[in-house]
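What follows is one structure encoded as structure tokens, with my remarks underneath.
Numbered from 1 within each chain, the chains take letters A, B, ... in sequence-line order. Quick note: numbers below take in every heavy atom, side chains included, and nothing from hydrogens, waters or symmetry partners. Keep in mind it's a predicted model, so treat the numbers as computed, not measured.
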Amino acid sequence: GAGVSQTPSNKVTEKGKYVELRCDPISGHTALYWYRQSLGQGPEFLIYFQGTGAADDSGLPNDRFFAVRPEGSVSTLKIQRTERGDSAVYLCASSSRLAGAIGTGELFFGEGSRLTVL
Amino acid sequence: QKEVEQNSGPLSVPEGAIASLNCTYSDRGSQSFFWYRQYSGKSPELIMSIYSNGDKEDGRFTAQLNKASQYVSLLIRDSQPSDSATYLCAVRGGGNEKLTFGTGTRLTIIP
């Protein structure tokens, strides 16, 4: 597609429920990132994929959070047993960057999925 | 110490003046540096990238990098009301692929 697409744009759920957020990156981009942004803060890194594998998941806050990218394109961020503190905008970004390359690596962001946990 | 630090502002600059935004980072091995602009309720969009010491100019924007001082800045010349936004500094550290963002500086251009 022309840009990074994220669905849903808004999700309201109740505490304890399961949520899936979807990201469709720019066609041909091998690198995909998930970030979380709370009001007044910068984006906080969650996980990075290069192809199908999660190359860096050091930002996932706990084991309730999981992300997959089974075919190296679309990715799904999964949140189990949601808590009110999970409320934030979840941003997905993609890049044509190859790991280790110097002088490249611009991230292109989607419009985000706003998650509200009541 | 935060990995990437920015003054949260708000920074108010008269229309037509130069806006100066600053960022410091902690990882001396960092290789890549980016400035993103984020309008309220929107996603970040890339303004500038810089990879080596010195200045890089693109239109009204100039990015400056000083690796010895671990300092990155963004200058916006001839500031316009449409430049009013939050500006995010982002750094890719040495040895990893993730981009670490600062908290952003909120800039307001006063007509």
Whether over 12 other heavy atoms sit under 6.0 Å from B/Lys56 NZ: yes
Portion of B/Glu45 that has a non-hydrogen atom of chain A nearer than 4.5 angstrom: neither
Shortest non-hydrogen separation from B/Tyr36 to A/Glu106 and the atoms involved: OH-C, 4.2 Å
Nearest atoms (heavy-atom pairs only) where A/Gly42 meets B/Leu88: CA-CD2, 4.0 Å
Nearest-0.5 Å distance that lies between atom OG1 in B/Thr103 and atom CD in A/Gln37: 10.5 Å
Side-chain heavy-atom pair B/Lys98, A/Tyr48 within 4.5 angstrom cut-off: no
More than 12 heavy atoms from other groups under 6.0 Å of CZ on A/Phe66: no
Enclosure of A/Leu39 CG (heavy-atom neighbours >12, cutoff 6.0 Å): no
Verify same cluster id: A/Ile26, A/Phe49 (apolar side-chain graph, 4.5 Å): no
Which atoms of A/Phe109 approach chain B - backbone, side chain, both or neither, heavy atom under 4.5 Å: both
Cluster link A/Phe45 to A/Ile79, ILVMFWY, side chain under 4.5 Å: no
Residues, nucleotides or ligands: over 12 heavy atoms within 6.0 Å of B/Ile18 CD1: no
Contacting region of A/Glu44 [heavy-atom separation from chain B under 4.5 Å]: neither
B/Ser43 side chain to A/Gly110 backbone, donor-acceptor under 3.5 Å: yes
Shared hydrophobic cluster, B/Ile50 / B/Ile76 (ILVMFWY, side-chain heavy atoms < 4.5 Å): yes
Main-chain N/O of B/Leu99 paired to A/Tyr35 side chain as donor or acceptor, under 3.5 Å: yes
Rounded distance (nearest 0.5 Å) linking atom CZ of B/Phe101 with atom CG of A/Leu107: 6.5 Å
CZ-CG distance between A/Phe108 and B/Leu46, expressed to the nearest 0.5 angstrom: 6.5 Å
Hydrophobic cluster identity match, A/Val68 and A/Leu77, side-chain contacts under 4.5 Å: no
